[in-house]
Number of protein chains: 2
Amino acid sequence: MANIKDIARVAGVSVATVSRALSTPSLVRPATIERIEAAIADLNYEPNHLAAGLRRQRSDNVIVAVPSIYNPFTSAFVEGIENVARANRMRVLLGITEGDPETLNKYTSMIAGKQADGLILLEKNLPDIVLNPPAKGKMPPMVAACEYPPDLNLPRVRTDNHEASALVVGHLAELGHKHIAAITGPLDQFMSMDRLSGYKLGLLRARIDFDEALVAHGDFSLQSGYDAMIRLLDSGVEFTAVACANDEMAMGAMSALQQRGISVPDDMSVAGFDDLRFGAFAIPPLTTVHIPTVEIGEAAMRLMLDSLLLQDHEGPAREVVLPHRLIVRQSTAAPRKRRKKA
Amino acid sequence: MANIKDIARVAGVSVATVSRALSTPSLVRPATIERIEAAIADLNYEPNHLAAGLRRQRSDNVIVAVPSIYNPFTSAFVEGIENVARANRMRVLLGITEGDPETLNKYTSMIAGKQADGLILLEKNLPDIVLNPPAKGKMPPMVAACEYPPDLNLPRVRTDNHEASALVVGHLAELGHKHIAAITGPLDQFMSMDRLSGYKLGLLRARIDFDEALVAHGDFSLQSGYDAMIRLLDSGVEFTAVACANDEMAMGAMSALQQRGISVPDDMSVAGFDDLRFGAFAIPPLTTVHIPTVEIGEAAMRLMLDSLLLQDHEGPAREVVLPHRLIVRQSTAAPRKRRKKA
DNA sequence: TTGTAGGCGTTATCAG
DNA sequence: CTGATAACGCCTACAA
């Protein structure tokens, strides 16, 4: 493979000039640039990114830490991140953790090892380095694109899960529902907790008492939504609506209802969260909260670019909150009069 | 940041020994290794991957080129690729192309530029370098994880879309359907063509005449499945079953049918393709063909690792074909007797 | 506007 | 088993 020296020789200039022609063309005479470009085309030269990176101490990669990418919710974030990265000559290194904290820690050390310049977190876990900060100024650039404890001083982008969840419950209450169940996500995630507390807030605003028996826990998967709905149904408590912590569980729940012969929305209203594309084509189409997932990814990557530009990553971190909005479709409706369930 | 020289000094050895201790510990006396490890822990040393890469002329990255990752089908592949990459100390660089051939070509030149060691293709397009091969031995390592023209000499992994599609149609015919429609993918993709020709093969085997009027074209999206079904319905042709080229379109089609008051499977059987998780929870649960998407990704990455080990990438390329299987759920059933549609 | 030269941090070769 | 040292290819003062 040709290198910068070869180009210099063929173009009859020094390597410095070639390097400048490539990175700061304004400093080089146009005629010289032309000769250099001809040589580059001739020799099929491609700058060695490893060598440049070693010299400049940066890899132009960001790691995205995500438990799994095999679901529409997280892959939307990643798509947004990649969009912005690509537009800024950076690359996205996929860091799948499978929820393992040790794997996550490896991603932070990859930054020290110059395999990447920063880390975007889409994970319930936090790397050790956040809890045990190293010497000042040694903190790797990090951005959080999901819910974390509020006292955490990290640039972050998110939506207001708390409010959004209350919004859904408000919608259900407005329709006239008095007994509104919830299917939550795994409670070791801040996002799930936020959505659950939003559910409680929604009840409070509607002056409906919270009833522990109406809360079932899932893990955000279709199957867990199905299972949670079956448990709710079998428990014998009365309810006419259910607010699910994401669309997948809502669709799982609808599947369970259909199997039990309970009609949505006539006998049961179901609401989701996230606005996956599948929800619009569910049967019936799913009422949900739109979360701008791709945009969150884009904003996260922009925050990362900012961090990379800044000298130190100390000081109060920026927080970007993106708007959600309720999307009412046909899976929610007013409850039937005096409906009783076995 | 500490470097190998610092470690060498603190441990009282030469840099060569440190390097060996890290990469080939068997060549170093255990006691020496211990001293080195102590120094590494002391100084919080992390090997500089850029420097190592420059020296060894490899980045330990693979690019995966994919039109978009924001859908369950492609993200499953990528998940599989990452799984195997991670287990082999390699990283996945996300290369989203948005279907743009120029972006794809950039990914091939990134290999020349040592940003990555190889390219895994999950794209309908082929990079120019495949069609205009450079000098012998200069071909970057590539693996195809999707359908391409059969004469293409690239290591590849796939399923038999042709047979699988015929299998679905066979299932429908066996149920007694005589008028089986098809909703295809975009016909500029080999995969769509394969699935379409499999549909024709299935008809042939069932001794059913092919009818152009029963074929509607989509683009693999939910919306396009919905639209295609509406077109089919509005065209006035008679049919009692539809084989869709993927699950998303099948679910879009079911949504259209529901809206038109046509019952699945009583009035219309619907079959999908891919076995997305959503299909199992669709209403009714979707009959489909299981494609081992994650496994295909894993196999593709293994093929890539093999390519990287081999000196030259010439000679006949390996092909791995993974098995599919029909999954019969409730969206398909025998047609109603003497059913007529307006 | 251009050239010279000293690293960036490793690995690998060659001696010992 | 260990050490000295020459690359790997580029960038960037500093000089001209």
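In the text below, chain A, chain B and the rest are named by the order of the sequence lines, each starting its count at 1.
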Do nucleotides 6-16 of chain D as a string where each nucleotide becomes B, S or -: B if the base has a protein heavy atom under 4.0 Å, S if just the sugar-phosphate does, - if no protein is that close.
BBBBBBB----
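When all heavy atoms of A:Ala76 and B:Tyr70 are compared, the pair lying nearest together is CB-CE1, 3.5 Å.
Distance CZ (B:Arg58) to C1' (C:dT11): 13 Å, rounded to an integer number of Å. In this structure, the CZ atom of B:Arg9 is 15 Å from the P atom of D:dG3, given to the nearest Å.
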I'd like to know whether A:Gln189 forms a side-chain contact (heavy atoms from CB on, under 4.5 Å) with A:Phe220, so could you lay out the CA-CA distance, the side-chain angles of the two residues, the decisive distance to 0.1 Å, and finally the verdict.
CA-CA 11 Å; A:Gln189 296 191 210; A:Phe220 284 139; 3.9 Å; yes
May I have the step-by-step check of salt bridge (charged side-chain N to carboxylate O under 4.0 Å, His left out) for A:Arg91 and A:Asp60, ending in yes or no?
CA-CA 6 Å; A:Arg91 296 288 151 211; A:Asp60 297 327; over 6 Å; no
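Using a 4.0 Å cut-off between charged nitrogen and carboxylate oxygen, A:Glu319 and A:Arg158 count as a salt-bridge pair.
Of the side-chain N and O atoms in B:Thr32, one or more sit less than 4.0 angstrom from OP1 or OP2 of D:dT2.
Judged by distance alone, the side chains of A:Glu98 and A:Thr103 never bring a donor and an acceptor atom under 3.5 Å apart.
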